Each structure stands twice: as structure tokens, then as C-alpha cells.
Amino acid sequence: MLALLDGNNFYVSCERVFRPSLQGRPVVVLSNNDGCAISRSNEAKALGIKMAQPHHEFRHLEDRAGLVSLSANFTLYGDMSDRMMSLAAGLGPGQEIYSIDECFVDLHGVRGNLAERAHAIRARIHRWIGIPTCIGIAPTKTLAKLANHIAKCAERKAGSYPAQHAQVCHLGALPQADVDLLLAITDVGDVWGVGPRIGAQLRDAGVATAQDLARLDPASVRRRWSVVLERTVRELQGMPCIDLEEAPTPKREIAVTRSFGRPVRELPQLLQAVSDFATRAAEKLRRQGSLAGRVLVFAHTSPFRPGPRWAKSLVVPLRRPTADTAKIIQAATMGLELIFEPGYNLAKAGVMLLDLCDSSILQGELDLEDESGRNRGQLMSVVDKLNARWGKATVKQGSVGTAAARRDWAMRQARRTPQYTTDWRQVPVARA
DNA sequence: TCTGGGGTCCTAGGACCC
DNA sequence: TCTGGGGTCCTAGGACCC
């Protein structure tokens with residue numbers, strides 16, 4: 001048996017812990033640049049504000065309905081998450097932290113009444129940390145997600161599901177007939193793994209509810225859709241197909257991307273932004289003990305605004321896998337200079353690190369020595385510590401040379417990686 | 001004026017090899 | 001006119017999640 005615990009309206013709930021006056025009021029937390037809503041209180045949802053809705057579309061509600069809009073404070077949310085996860089771990093012997101606000105807990109071997117135990121943990125989290133949570137319990141991850149969905153809806157919307165399931169819903173304790181009843185009143189789009197596209201296709205095929213989906217033949221589902229949906233069907237039928245991942249697996253790629261507050265048109269500004277992204281990405285890379293083999297840099301105009309569209313990206317191979325901020329900045333800025341074209345209002349850019357590998361396997365320390373033999377690994381580690389202690393940009397990488405020097409470097413790099421030289425001057429892949 | 005920032009997995013199709 | 005078959009690796013793109 002598995003539990004899925006998640007914090008209700010997590011970012012808003014974190015803010016309310018420190019500003020109790022926000023209780024009972026419509027509150028949203030906004031994304032970077034205050035662009036759109038990324039967390040909404042129940043009262044804000046009742047006002048009709050949608051997830052990821054642009055701020056300017058509902059700003060009028062601040063005057064008219066007492067809506068409070070807050071800029072996000074991710075450091076705070078990360079800290080609150082750590083505390084919530086430690087208490088949630090008390091539910092059972094294993095835990096997978098699935099996202100900042102939710103975790104699966106393995107309940108194998110846990111004795112006694114699981115629902116009562118879940119209620120107790122909920123109460124403890126609320127008392128000690130101030131975050132309201134819901135818990136779903138079931139034999140598979142997909143069913144645990146569904147149970148959690150039921151627990152949340154039953155609490156929030158009277159009449160959506162039987163009130164006894166509010167806050168904690170233990171599907172594993174119900175007779176199959178009762179589970180079927182709950183599946184039958186759940187929209188197929190509310191099933192974990194069914195998004196808007198597949199949801200529409202399923203409805204077209206007459207599959208409208210979670211129960212309809214659970215009754216399909218897995219092999220047919222695989223043929224018509226995919227193995228992914230087949231797993232979802234089996235999981236709904238009670239057969240575990242998705243394992244609990246207790247040890248966090250290292251990321252296979254690392255991205256730092258941002259929308260700009262106002263359009264960027266000039267290369268120097270863009271280079272500055274991309275250098276910052278590369279720096280953040282390299283820090284993340286070292287934090288998980290990996291090296292990157294390739295660096296992707298991209299920039300594009302806004303897909304929402306009129307005017308000429310432009311979008312390009314370029315993958316820059318590194319001569320050797322590295323975690324050195326200077327080399328990653330070099331690759332990213334060089335790539336940017338190659339794709340950049342003036343005359344566009346750029347709305348977003350980013351750096352992604354690809355082909356990650358474990359630094360111990362590849363003996364990357366070799367690459368952390370520069371030409372003069374100084375050990376850059378130690379330097380990077382000191383820089384990370386200083387920035388962690390005193391704030392993000394306390395120590396920054398200086399300029400890595402003139403544009404001409406970078407271009408020169410680019411051409412040398414291209415010659416060293418012949419598989420890319422033929423593509424080098426061709427139009428890079430556009431990413432909309 | 002103003003539209004998030006991350007990730008994962010799977011599949012199709014091309015290149016290339018024998 | 002006919003035009004191997006199987007395997008691997010790589011990339012791009014789709015779909016999903018929070």
C-alpha cells in the first residue's frame with residue numbers, strides 16, 4: 001500500500017503561515033516577473049482564476065474582490081517543503097519526494113489503521129508547520145493520486161465526492177464496488193497521466209470516466225495509444241507498474257530559463273542573461289556531482305505578442321565533459337553569438353545542460369585544470385560555498401574574453417568535433 | 001504594460017552498419 | 001519494373017507532470 005501526501009495550494013499556504021491575515025482571503029502567488037498565477041487559494045480559485053493565467057487578466061480582482069497577489073519566494077517554499085517532508089516520512093518505511101509539495105510514502109509493513117495514522121500525521125504537519133495537507137492511500141501510485149484527488153475535492157467541494165473521504169481517502173480499505181463507484185464519478189481527465197490531448201481522444205472513443213478507462217483492455221490500449229497509457233490502465237486496475245523511487249535519481253538534464261520582464265533586443269544584454277543562466281546551471285550541475293557533455297542555448301520572441309517571430313537554439317558540444325562555470329559560459333555565449341540576429345523583441349532565453357554523467361566515473365577533475373595547471377575544481381567549490389553563504393552573485397565569473405576570441409574558440413571547438421562542423425553554419429533547429 | 005520554469009519518458013524516423 | 005532485412009544509435013517532437 002502507498003500513500004500520496006501533498007500540501008494544499010502549497011505556495012499560498014506557505015505564505016499564510018507567516019501572514020495569518022491572509023487566511024480566508026483570495027490569494028495568488030505569481031511566477032517570475034509576476035507574470036502569471038502559479039498557486040491559488042481556494043478563494044482565488046472560486047473567483048475563476050486559472051492555473052498559469054496571466055496576471056494582467058485578473059489584476060482587476062485586487063480592487064474588486066480583495067485579491068492579494070504575491071511575488072514568489074522559492075527559498076521559503078523549499079524550506080517549508082523540507083520540514084513537511086520530514087514529518088510526512090513518519091507515515092511509513094519509505095518515501096519518494098515527488099515534487100516540492102508532494103511525496104509518496106511506502107506503507108509496507110505498517111500495522112494498525114492506516115487512515116487513522118494518516119489523519120494523525122496530517123494533524124501533526126498542520127500543528128507544527130502550519131501547512132494543510134491531503135492524503136490518498138491505495139495499492140498503486142495512480143490510485144493513490146486518485147485517492148488524493150478525491151480527498152481534496154471532498155474537502156473543498158461539497159457534493160463532489162462523499163464527505164467521509166475528505167482530507168484522507170483510503171481506497172485500499174473500501175470494497176471494490178465502492179471503489180468502482182468513486183471511479184465512475186471521476187472524469188477521465190483527472191486521472192494521473194491523462195492530459196488534455198489523450199483525454200480528448202479517450203472521450204471521443206467513449207471513455208469518459210476513470211472507471212471506463214480502468215475497464216479497457218490493456219493490450220488494446222497499448223496498440224491504440226501507448227505503453228504509457230497501458231501502464232495507467234493497469235495501475236487503475238490495482239496492478240503496480242510504477243515503482244517507488246526512494247533515492248533521488250540524478251537529473252538527466254539541467255535547465256535554467258527565464259522570461260524577460262521587458263523585451264531584450266541587444267546582444268550584450270542577452271549575453272549577460274545567458275551568462276547568468278549558465279552560471280546557475282553549472283552550480284546545479286556541481287551540486288548533483290555531474291558533468292555536462294553538451295550545452296544548449298536558445299532564445300525566442302513571445303508566442304503571445306504580434307510582430308515578427310524568431311526562435312533559434314543551438315547545441316554546443318564540449319570538448320570534454322565538464323562542470324566548470326567558465327567553460328559552460330563560454331559554450332553558451334558562443335552559441336548565442338552564432339544564432340543571434342538583431343531586430344527582434346526577445347521574450348525568453350535559456351541554457352540547458354545535456355548528456356550529463358557522473359563526475360567520478362569520468363574523472364572530470366582532469367578537465368578542471370586550466371592550461372596553467374591551476375585546479376579549477378577547488379576554485380569552483382569555494383565559489384559555490386561563498387555564494388551559498390552570502391547570496392547568489394557574491395562571486396561571479398569574469399568576462400571570458402572578447403567576442404573575437406570567443407568566435408575563434410568556437411571555430412577551434414568546431415574543428416575538434418567534426419560531426420558538428422558540417423551543421424555549424426546551417427540554420428539551427430528552431431524551437432517554438 | 002502584462003502570458004512560468006522546470007523536468008520525464010516514449011516514439012518515429014533517419015543514418016549507418018553488416 | 002524490380003529495389004534485403006535486421007540492428008543500433010541519434011535526434012526531434014509529442015505528451016505528460018508539478
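Here the structure is a predicted model, which means the values were calculated and not measured. Below, chains carry the letters A, B, ... as their sequence lines are ordered, and counting in each starts from 1.
Within 4.0 Å (heavy atoms only), A/Arg222 reaches no atom of the nucleic acid at all. Within the 4.0 angstrom heavy-atom criterion, no nucleotide atom of any strand lies near A/Ile100. Using a 4.0 Å heavy-atom criterion, one finds that A/Pro303 contacts no nucleic acid atom at all. Within 4.0 Å (heavy atoms only), A/Lys145 reaches sugar-phosphate atoms of the nucleic acid but no base atom. Within 4.0 Å (heavy atoms only), A/Val29 reaches no atom of the nucleic acid at all.
As rounded to whole Å, 14 Å separates atom P of C/dC18 from atom CG of A/Leu5. Note: CG (A/Leu4) to C1' (C/dC18) measures 12 Å, nearest angstrom. Rounded to a whole Å, the CG atom of A/Asp190 is 14 Å from the C1' atom of C/dC17. As rounded to whole Å, 13 Å separates atom P of C/dC18 from atom CZ of A/Arg40. Rounded to an integer number of Å, the gap from CD1 of A/Ile242 to C1' of C/dC16 is 12 Å. Rounded to an integer number of Å, the gap from A/Leu354 CG to C/dC9 P is 19 Å.
Remark: C/dG7 base-pairs with B/dC16. Criterion, Watson-Crick or G-U wobble with two distances under 3.5 Å.
Annotation for A/Arg127: atom CZ counts as buried by contact number, over 12 foreign heavy atoms lying within 6.0 Å. Summarising the local packing, NE2 of A/His108 is surrounded by 12 or fewer heavy atoms from other residues, nucleotides or ligands at distances under 6.0 Å.
Residues A/Glu15 and A/Tyr77 bring a donor and an acceptor atom of their side chains to less than 3.5 Å of each other.
Take A/Ser41 and apply the side-chain hydrogen bond (donor to acceptor under 3.5 Å, both in side chains) test, not counting sequence neighbours, and it matches A/Glu43.
The side-chain heavy atoms of A/Thr325 and A/Arg286, taken from C-beta on, include a pair separated by under 4.5 Å.
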Across nucleotides 1-8 of chain B, 5' to 3', mark each nucleotide with B, S or - according to how protein heavy atoms within less than 4.0 Å reach it.
-BBBSSSB
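Within the structure, a side-chain polar atom (N or O) of A/Trp192 is placed less than 4.0 Å from OP1 or OP2 of C/dC18.
A tilted orientation is assigned to the rings of A/Phe104 and A/Trp192, their planes being inclined by 30° to 60°.
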